[in-house]
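Beneath this line is the structure, given in structure tokens, with notes to follow.
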Protein chains: 2
Amino acid sequence: MGITIRDVAAKCGLSISTVSKVFNNYTDISEETRTLVLRTAQNIGYYPSSIASALKTNRSYNLGVLFQAESHSGVTHSFFSLVLDALKTTAEALGYDITFINHNIRNSMTYLEHCRYRNVDGIALVCANFYSPEVIELVESEIPCVIIDHIFEGKTCILSENFSDMQKLTQYAIECGHKKIAFVKGEQTSVTTARLSGFRETMQKNRLAVPNEYIIESRYDNPEEGVHAFKHLATLPDRPTCIIMPDDNTALGALQAAAEMQLRVPQDISICGYDGIRLGQLVRPRLTTIRQDTRTMGELAAEKLIKRIERISTCDEGVFYVPGQLIPGESVGALK
Amino acid sequence: MGITIRDVAAKCGLSISTVSKVFNNYTDISEETRTLVLRTAQNIGYYPSSIASALKTNRSYNLGVLFQAESHSGVTHSFFSLVLDALKTTAEALGYDITFINHNIRNSMTYLEHCRYRNVDGIALVCANFYSPEVIELVESEIPCVIIDHIFEGKTCILSENFSDMQKLTQYAIECGHKKIAFVKGEQTSVTTARLSGFRETMQKNRLAVPNEYIIESRYDNPEEGVHAFKHLATLPDRPTCIIMPDDNTALGALQAAAEMQLRVPQDISICGYDGIRLGQLVRPRLTTIRQDTRTMGELAAEKLIKRIERISTCDEGVFYVPGQLIPGESVGALK
DNA sequence: TATGTAAACTAAAACGATTTCGTCATATAT
DNA sequence: ATATATGACGAAATCGTTTTAGTTTACATA
């Protein structure tokens, strides 16, 4: 079928060992031979097959990525997509391709089976249900892995500084004069818990009460849920003056709901987002939000994982926090 | 290292040939042996390695995907991401994984080299610069390929019905009473050309003039560009009453620009989008737009490509059009 | 001249599967 | 009883590389 190392060797009058060595940067090859081989390879369109090489070396230069966007939610999950993008770019620069891990393949294998099937060198959990047995089995396997936005005991984890970032955001709202601040939670995860703690602690530090009815449950990245949550809070007998939404997409929903209810933002009510998506700075009022450093998170994840795979250093385990940035925006301000 | 077919064979007291045959559904295996092998494999955690299998069969069950989102534009490219998602899901259901083709790997290989390196069975061009030599080289190689949203002579192509969809959209605007309609073009591609033709033809059919200054160039999926284009058109001495934007993201920019200019939509000016992204139906006024059937496009692409790879049928070449759907929305209406 | 050394190259055994022929019972047909 | 067919399994070559342990040649040294 294709052109193999054999063809190059034949054309050069060399053994396949020599050709292989050229492509693997062995030093016991003369400069002439090296250029000859490289040139001939180029000429006849040869490129070493990663498959054969992987079989021999047991290294696929492939990273498994678990990216369980609850598909077809329609909204491309802004935060995770951006992290994934950075991770992918960094991995590629280091010579690794990405394979999405799923259980759709063939006779529906498990995540771990899929990883073994594809011989991935490592796995990145970008967006997953960390409580499902299948994911746990994967994390606890012998395959090196890195986890984004969740803490797994003893594993390499990359997280936003959710706690202190939320402190910043809450403090900002308070400094804008708000005392009655509501908090809309996303799905129950360790991230949600960290953010809620940051919120609670800051409120307490400022001696501000948080009635139970000001903490409600909703979902991440679902504008419709944002509409819903906002309307619920805005029609409370004792309406909060500021609402912290789970993220920017829900905050956009909230903004919309406010408009429908003839409430001006921020004159009548303030709204905070989280994530720092682009669109949030395009709408009016611009969202007050925390911009998560998705780029750094993705890069870090790829680097740590690959270093572990290549055993370059041993200080790549543990939890790494990436700070976010407060974007003041315009959706939080003093009451009229 | 890992568990191989040898381990299963040993444990079962069978030859590796027999074990292999079980996994490949050969018929000359007794039912008892089959279940024995399967059960033992399960027990010791064996899964056949795609790498070894690929080396022997020359089939990687991997599809290369060219997805050249001009990265870091920030806006995840809604249309292409959704197509990609459908393509990926369909491919996975048929037993294929996805590998992104790029030239970042190692010593920067070309797209074609990357494909050979990974032994992909076929390639899908989802989002690419079709005029670059590298892409052309790829398309003209012997690897089966399918192209989305562009026509490549003699290749399998999947496109939206841009021409007639734009006719629908334009006709709708006209029926709302508009006579002065402007058209903002995205980057110059065959898709852009088809849409512009659909627009022009419909205008002509309705005996409506299109001044040159009503056709302007902009870019796809860039809200800021949308703001820019809108402001330009809205400050024209003879301002159009309706503006057709390249897509929903730019239309959202236009909506924002209108608000800034104190123009009510659609009372003062009408705006059309294209794509049918979710957010477009969440903002007020809801966008009048064409919803492209990304799901069908992605599915079709995967199916056609895989059928070609597996040589199931021969009628998978040529151009396939997928109709879009007019979403009336609220951003187009009669003038005040 | 004999010996040691270094540079440049090669032979051949893997890696983990697939697949083509065989082989060897046993069952059926003649 | 002999020939043939069938069912169930195995031997071994092979896919395209990598890598170890040579081999060969040239040259320097004793």
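What you see is a predicted model; the values in this text were computed from it and never measured. Just so it is clear: chains get the letters A, B, ... in the order the sequence lines come, proteins before strands, and each one is counted from 1.
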Proximal nucleotide (of D:dG10, C:dG16, C:dT10) relative to the B:Leu14 side chain: D:dG10
If you only use heavy atoms from C-beta on, which nucleotide in C:dA8, C:dA17, C:dT10 is closest to the side chain of A:Ser30? C:dA8
Provide, to the nearest angstrom, the distance between the [atom1] atom belonging to [X] and the [atom2] atom belonging to [N].
{"X": "A:Ile29", "N": "D:dT18", "atom1": "CD1", "atom2": "C1'", "answer": "13 Å"}
{"X": "A:Leu55", "N": "C:dT18", "atom1": "CG", "atom2": "P", "answer": "12 Å"}
{"X": "A:Arg118", "N": "C:dA17", "atom1": "CZ", "atom2": "P", "answer": "14 Å"}
{"X": "B:Asn58", "N": "D:dT17", "atom1": "CG", "atom2": "C1'", "answer": "14 Å"}
{"X": "A:Arg59", "N": "D:dT19", "atom1": "CZ", "atom2": "P", "answer": "11 Å"}

Report yes if at least one side-chain N or O of [X] is closer than 4.0 Å to OP1 or OP2 of [N]; otherwise report no.
{"X": "B:Tyr117", "N": "D:dT17", "result": "no"}
{"X": "B:Thr4", "N": "C:dC15", "result": "no"}
{"X": "A:Ser15", "N": "C:dT10", "result": "yes"}

Does anything in residues 124-147 of chain B pair up under side-chain hydrogen bond (donor to acceptor under 3.5 Å, both in side chains), and if so which pairs, sequence neighbours excluded? B:His103-B:Glu134, B:Arg116-B:Glu142
So does A:Ile101 get a backbone contact from the side chain of A:His114, meaning a donor-acceptor N/O pair under 3.5 Å? no
Let me spell it out: for each of A:Glu31 and B:Arg6, pick the nucleotide of DNA chain C with the closest heavy atom. Which residue's pick is nearer the 5' end? A:Glu31
Inspect the contact between A:Lys304 and A:Glu299 and indicate whether a charged nitrogen and a carboxylate oxygen are less than 4.0 angstrom apart. no
Pair B:Glu92 + B:Lys88, salt bridge at N-O below 4.0 Å: yes
For the pair B:Phe23 and B:Tyr46, evaluate ring pair (Phe, Tyr, Trp, His ring centres under 6.0 Å) and give the outcome as yes or no after the intermediate values. CA-CA 11 Å; B:Phe23 278 95; B:Tyr46 167 76; 5.4 Å; yes
Write out a two-atom table: protein N or O, nucleotide N or O from nucleotides 19-26 of chain C, distance below 3.5 Å.
from   : atom 1 : to      : atom 2 : distance (Å)
C:dT19 : OP2    : B:Tyr26 : OH     : 3.2

Under 6.0 Å between ring centres, would you say that holds for A:Tyr61 and B:Tyr117? no
